[in-house]
There are 2 protein chains.
Amino acid sequence: MASIKDVAVEAGLSVATVSRALNGHPSVSPAARRRVEAAVETLGYRPNAVARSLRTDRTRTLGLVISDVMNPYFTELARSVEEEARALGYSVVIGNADERPDLQDHHVTTLLDRRIDGLLVSPTDGGSPGMLAAARAGTPMVFVDRWIPGVDVPVVRSDGRAAVRDLVAHLHGLGHRRLAIIAGPAATTTGRERVDAFREALGAYGLALPGTYIGQGDFQAESGRRATERFLDLDEPPEVVFAADNLMALGALDAVRARGLRVPEDIALAAFDDIPWFVHTDPPVTAIAQPTRDLGRAAVRALVERIAGRAGESVTLPARLVVRRSCGKPGKPGNSSIESPSPVRRSTP
Amino acid sequence: MASIKDVAVEAGLSVATVSRALNGHPSVSPAARRRVEAAVETLGYRPNAVARSLRTDRTRTLGLVISDVMNPYFTELARSVEEEARALGYSVVIGNADERPDLQDHHVTTLLDRRIDGLLVSPTDGGSPGMLAAARAGTPMVFVDRWIPGVDVPVVRSDGRAAVRDLVAHLHGLGHRRLAIIAGPAATTTGRERVDAFREALGAYGLALPGTYIGQGDFQAESGRRATERFLDLDEPPEVVFAADNLMALGALDAVRARGLRVPEDIALAAFDDIPWFVHTDPPVTAIAQPTRDLGRAAVRALVERIAGRAGESVTLPARLVVRRSCGKPGKPGNSSIESPSPVRRSTP
DNA sequence: ATCCTCCGTGTAATCGATTCCACAAGGAGG
DNA sequence: CCTCCTTGTGGAATCGATTACACGGAGGAT
């Protein structure tokens with residue numbers, strides 16, 4: 001592959017002048033500039049980004065370490081991050097942590113070894129050693145979606161509290177009183193916050209959230225299935241299951257169907273994170289939608305600010321409730337009662 | 001950040017010895033090795049991959065240019081590619097072409113500028129200039145899923161012919177005779193092949209595939225919706241719509257539902273590419289499943305072979321039919337007739 | 001005792017860019 | 001006509017690694 005030296009020879013100039021011409025430096029004569037362009041053209045020269053990075057100490061690359069690419073929410077996030085980054089002249093290298101702290105650390109160190117200019121992370125846990133080290137070392141960093149308390153890094157996320165309140169109001173209005181949640185890992189902020197928000201919203205209606213109605217999930221479909229089975233095995237199973245992410249909702253749907261039960265007639269279902277497929281599931285799933293695109297954009301902008309040495313502000317955007325049919329219809333018989341407990345239902349087929 | 005020079009000073013050795021110790025070169029005394037390890041530890045040294053790449057001309061990075069990350073099929077492909085690459089000591093940089101040739105070219109050139117060791121591509125079109133140039137320039141390359149005829153590059157893909165035959169047999173067995181397809185872009189191999197396979201399979205039953213029953217799609221949901229609407233507007237609408245990918249199937253489902261029609265009672269639906277959500281849509285969608293994980297693995301292995309200067313073989317794996325409920329049930333009244341045309345249905349509500 | 005090996009280490013070139021500094025040419029001002 | 005400044009260009013150092021080559025000393029063979 002042709003190097004800048006070849007271009008210099010071809011153009012009859014020094015590498016210094018070629019470099020200046022290529023970088024739009026003002027003190028290059030139009031004639032020289034033309035000769036450089038011609039030489040570049042004939043040689044098909046492309047600057048070696050590796051060499052450039054070594055010299056300038058900038059790679060114009062951002063690292064994005066994501067909890068789970070197979071989760072459509074994160075896929076969309078990754079997409080919007082790449083879009084915004086590209087608009088700002090950056091490339092993005094994605095690392096998929098698969099909800100595993102060790103994999104997360106692997107990607108963080110690999111990315112730092114590659115000397116990316118900045119790091120976008122949605123942490124899988126409370127802070128793996130590699131990531132904390134990166135934060136301390138002063139790598140420009142921004143947390144997105146999830147964050148780690150106590151680490152001084154801007155956070156771009158959405159606040160689901162209001163939407164969860166809306167959801168609980170919706171459920172309460174439909175007559176549901178026994179509400180359960182499938183939580184995410186306690187090590188993640190989103191895992192904890194969603195449970196807290198749910199409990200708080202229930203409290204406003206004088207409803208409690210007993211331990212048996214909190215399922216421990218890990219944001220993966222399989223855990224949603226298991227948690228739901230446990231709910232269904234209870235003497236008094238919940239009337240509603242709220243899954244803290246879309247994959248666990250998918251698992252819940254699996255479990256319900258496996259027992260021959262129907263949503264929402266036998267049990268209602270709602271999820272955090274809205275995705276296109278929820279429109280077409282049977283039934284369409286009521287969900288809390290995050291402004292994913294905006295989150296990705298804001299995160300990149302904050303990170304680029306950090307890279308430029310400026311503050312880079314934290315951003316919190318509101319999520320909103322999208323009502324579909326998985327919790328039942330208002331005024332539907334058997335669910336419209338307010339005071340009396342919901343009709344008896346089979347706990348197992 | 002500490003450099004190898006700092007380590008050398010700290011250990012009281014030359015950079016050459018440090019480098020050799022770090023790379024496991026045999027001619028380093030145990031004593032020196034220990035001192036290097038200690039110095040690395042105290043300084044928290046990590047080798048600069050940029051400098052290393054400049055010198056060795058290897059980045060241990062693969063580029064993956066994908067047609068559309070938001071498509072679950074490609075997401076899964078990307079995941080398996082990354083997994084296998086990681087196992088072989090490579091990182092993967094993903095570029096999302098979003099089915100746009102210009103974006104595809106942007107990513108290819110960016111990746112080449114970064115001097116990735118090899119390129120995995122599922123081309124969006126018949127060959128954008130940048131990609132053809134890369135292939136000619138001798139960049140180790142492998143096509144995955146889709147390929148470009150006439151370009152001498154190994155291809156890792158799956159063959160859907162048999163599965164499409166099975167699908168048509170299944171549909172024919174259910175009594176369907178008017179079968180339509182939503183095709184992908186003619187510029188892609190998968191776009192053409194799936195139509196060809198479908199037509200061929202129909203031919204075996206003496207059925208034709210009229211032009212009006214071929215919808216032009218672009219592998220995106222919206223195009224599936226439009227094509228389906230056009231089908232439904234026909235005087236004699238098809239009894240079955242076969243979408244050449246999962247996103248267009250989603251769009252088709254949209255369109256059918258928007259008219260108040262039901263699947264499979266009013267119109268049957270099948271799709272190429274199986275995804276987890278198809279189990280939970282209403283109704284569950286009959287689909288042709290590719291061995292995505294295996295494809296990703298095989299593609300990486302072929303590429304690494306190429307990088308090592310060896311041939312790198314093309315691989316073709318079979319796809320298989322997964323029957324669900326979106327085409328109707330065997331023996332279902334109204335669909336079991338063989339000779340008589342299917343029952344009259346509303347073309348518009 | 002002399003010479004030859006082999007082992008461990010260091011010096012320095014190298015990869016492909018960027019950029020500081022020096023310098024030549026030419027015009028302006030005295 | 002000499003000095004000074006501006007403009008365009010080139011030489012060379014530099015980024016952080018790898019690696020060819022040289023070299024000094026220990027040990028074995030003669």
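Throughout, a chain's letter reflects where its sequence line sits, starting with A, and its residues are numbered from 1.
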Nearest heavy-atom neighbours spanning A:Val108 and A:Leu119: CG1-CD2, 4.1 Å
B:Arg114 versus B:Thr61, side-chain donor and acceptor atoms under 3.5 Å: no
Touch class at under 4.0 angstrom, heavy-atom based, for B:Val28 against every strand present: sugar-phosphate
Value in whole Å for how far the P atom of C:dG16 lies from CG of B:Asp113: 14 Å
Sugar-phosphate, base or nothing in reach of A:Asp57, heavy atoms under 4.0 Å: nothing
Please tabulate, for the side chains in residues 296-304 of chain B, all donor-acceptor contacts under 3.5 angstrom to protein atoms that are two or more places apart in sequence or on a different chain.
{"unit_1": "B:Arg297", "atom_1": "NH2", "unit_2": "B:Asp294", "atom_2": "OD1", "d": "2.8"}
{"unit_1": "B:Arg301", "atom_1": "NH1", "unit_2": "B:Glu84", "atom_2": "OE2", "d": "3.4"}

Residue-phosphate contact under 4.0 Å: B:Ser29 side-chain N/O, C:dT9 OP1/OP2: yes
Atom-to-atom span, CZ of B:Arg33 to P of C:dC7 - whole angstrom: 14 Å
B:Asp57 atom CG, over 12 foreign heavy atoms within 6.0 Å: no
Distance, rounded to the nearest Å, where B:Arg58 contributes CZ and D:dT19 contributes P: 10 Å
Donor-acceptor pair between A:Tyr73 and A:Asp145 side chains, under 3.5 angstrom: yes
Gap between atoms CG and P, on A:Asn23 and C:dG16 respectively (whole Å): 17 Å
Sugar-phosphate only, base, or nothing, as touched by A:Ala32 at under 4.0 Å among non-hydrogen atoms: sugar-phosphate
Upstream residue (5' side of DNA chain C) when A:Tyr45 and A:Arg20 are each assigned their closest nucleotide: A:Tyr45
Rounded distance in Å - CZ (A:Arg115) to P (D:dA17): 7 Å
B:Asp117 to B:Pro140 - nearest heavy-atom pair and separation: O-CG, 3.4 Å
Whole-Å distance separating the CG atom of B:Leu22 from the C1' atom of D:dT18: 11 Å
No-hydrogen, no-angle side-chain donor-acceptor test under 3.5 Å, B:Thr59 and B:Ser53: no
Taking every non-hydrogen atom, the tightest pair across B:Phe219 and B:Asp245: O-OD2, 2.9 Å
DNA chain D-proximal residues of residues 9-17 of chain B, any heavy atom under 4.0 Å: B:Ala16
Length of the CZ-P vector between B:Arg52 and D:dA17, whole Å: 8 Å
Polar pair under 3.5 Å, donor/acceptor by atom type, side chain A:Arg55, base D:dT14: yes
Sugar-phosphate, base or nothing in reach of B:Ser3, heavy atoms under 4.0 Å: sugar-phosphate
Sugar-phosphate only, base, or nothing, as touched by B:Ser19 at under 4.0 Å among non-hydrogen atoms: base
Sugar-phosphate, base or nothing in reach of B:Thr56, heavy atoms under 4.0 Å: sugar-phosphate
Residue A:Lys5, side-chain heavy atoms: nucleotide from C:dC15, D:dA17, C:dT18 that is nearest: C:dC15
Euclidean distance, atom CG of residue B:Asp6 to atom P of D:dG16 [Å, nearest integer]: 8 Å
